[in-house]
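This structure is in structure tokens; I'll ask about it shortly.
All heavy atoms count here, side chains included; hydrogens, waters and symmetry mates do not.
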Amino acid sequence: MSTAYSADISGQRIEVEIVPPTNYSPPVLSIRQQFGTFQLHADPEQLAEVEYAIRTYLEGIRYPKTPDQQMILNAECESAIEEGIA
């Protein structure tokens with residue numbers, strides 16, 4: 001059996017926490033916002049998969065917009081060398 005849950009929380013303030021495991025339940029990823037709380041009960045390995053998917057997505061949208069600092073440094077060094085030679 002498969003179930004899907006959907007909630008649009010974009011633009012809203014959220015609070016995220018991991019509730020530690022107890023003798024009776026695994027760790028819980030809790031996402032709280034104005035209209036309710038979503039709780040995902042998952043094993044640490046499953047939480048790691050969620051973290052990896054989110055990190056991979058964010059790296060894909062963040063880093064292309066960030067200039068490569070090493071390329072900037074190399075360009076500045078080459079420019080300084082050319083100015084010193086000229």
Side-chain angles (χ1 to χ4, degrees):
M1 182 171 112
S2 177
T3 304
Y5 297 96
S6 177
D8 183 2
I9 60 172
S10 58
Q12 298 182 25
R13 185 178 178 282
I14 63 171
E15 296 175 21
V16 180
E17 70 174 328
I18 300 289
V19 179
T22 66
N23 290 337
Y24 307 105
S25 71
V28 178
L29 170 63
S30 178
I31 302 172
R32 186 177 311 117
Q33 51 97 9
Q34 181 179 1
F35 298 108
T37 302
F38 172 78
Q39 292 185 328
L40 176 66
H41 296 248
D43 295 325
E45 296 81 15
Q46 293 169 313
L47 290 175
E49 288 183 36
V50 170
E51 182 269 339
Y52 177 77
I54 292 171
R55 184 170 23 92
T56 301
Y57 170 75
L58 291 176
E59 287 174 354
I61 62 172
R62 182 178 302 143
Y63 293 121
K65 296 178 183 176
T66 304
D68 184 348
Q69 297 300 316
Q70 187 63 45
M71 287 178 58
I72 292 171
L73 179 62
N74 290 345
E76 289 173 355
C77 289
E78 289 174 11
S79 176
I81 290 170
E82 288 176 5
E83 288 176 8
I85 294 174

Practice problem: First locate atom CD of Gln12, then atom CZ of Arg32, and finally report the distance between them rounded to the nearest 0.5 Å. | Solution: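 Between atom CD of Gln12 and atom CZ of Arg32 there are 14.0 Å.
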
Quiz item: Once you round to the nearest 0.5 Å, how far does CD1 of Ile14 lie from OG1 of Thr37?
Solution: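 Taking CD1 in Ile14 and OG1 in Thr37, the distance rounds to 11.0 Å.
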
Practice problem: Taking Gln46 for its side chain and Asp43 for its backbone only, find out whether a donor-acceptor pair lies under 3.5 Å. | Solution: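 Such a contact is found between Gln46 side chain and Asp43 backbone.
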
Quiz item: What about Ile18 and Val28, same hydrophobic cluster or not, with Ile/Leu/Val/Met/Phe/Trp/Tyr joined at side-chain heavy-atom distances under 4.5 Å?
Solution: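 No, Ile18 does not connect to Val28 through the hydrophobic network.
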
Quiz item: Under the 3.5 angstrom rule, does the side chain of Thr56 hit a backbone N or O of Tyr52 as a donor-acceptor pair?
Solution: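 Present.
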
Practice problem: Spell out, yes or no, whether Ile31 and Phe35 are grouped together once hydrophobic residues are joined by side-chain heavy atoms under 4.5 Å, including indirect joins. | Solution: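 No, it is not one cluster - the side chains of Ile31 and Phe35 are not joined through contacts under 4.5 Å.
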
Quiz item: If you look at every heavy atom in Asp8 and Ser10, which pair is closest and at what distance?
Solution: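 Heavy-atom minimum between the residues: OD1-OG, 2.6 Å.
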
Self-check item: Arg55 CZ: over 12 foreign heavy atoms closer than 6.0 Å
Solution: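 It does: Arg55 CZ has more than 12 such atoms within range.
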
Quiz item: Does any N or O in the side chain of Glu17 come within less than 3.5 Å of the main-chain N or O of Val19, such that one atom is a donor and the other an acceptor?
Solution: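 Not at all, since once roles are kept as given, no pair shorter than 3.5 Å links the two residues.
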
Quiz item: Out of curiosity, Glu78 CD to Leu73 CG, how far, rounded to the nearest 0.5 Å?
Solution: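 One finds 10.0 Å between CD of Glu78 and CG of Leu73.
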
Quiz prompt | Rounded distance [0.5 Å steps], NE2 in His41 versus CG in Leu29 | solution =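 Interatomic distance, His41 NE2 to Leu29 CG, rounded to 0.5 Å: 10.0 Å.
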
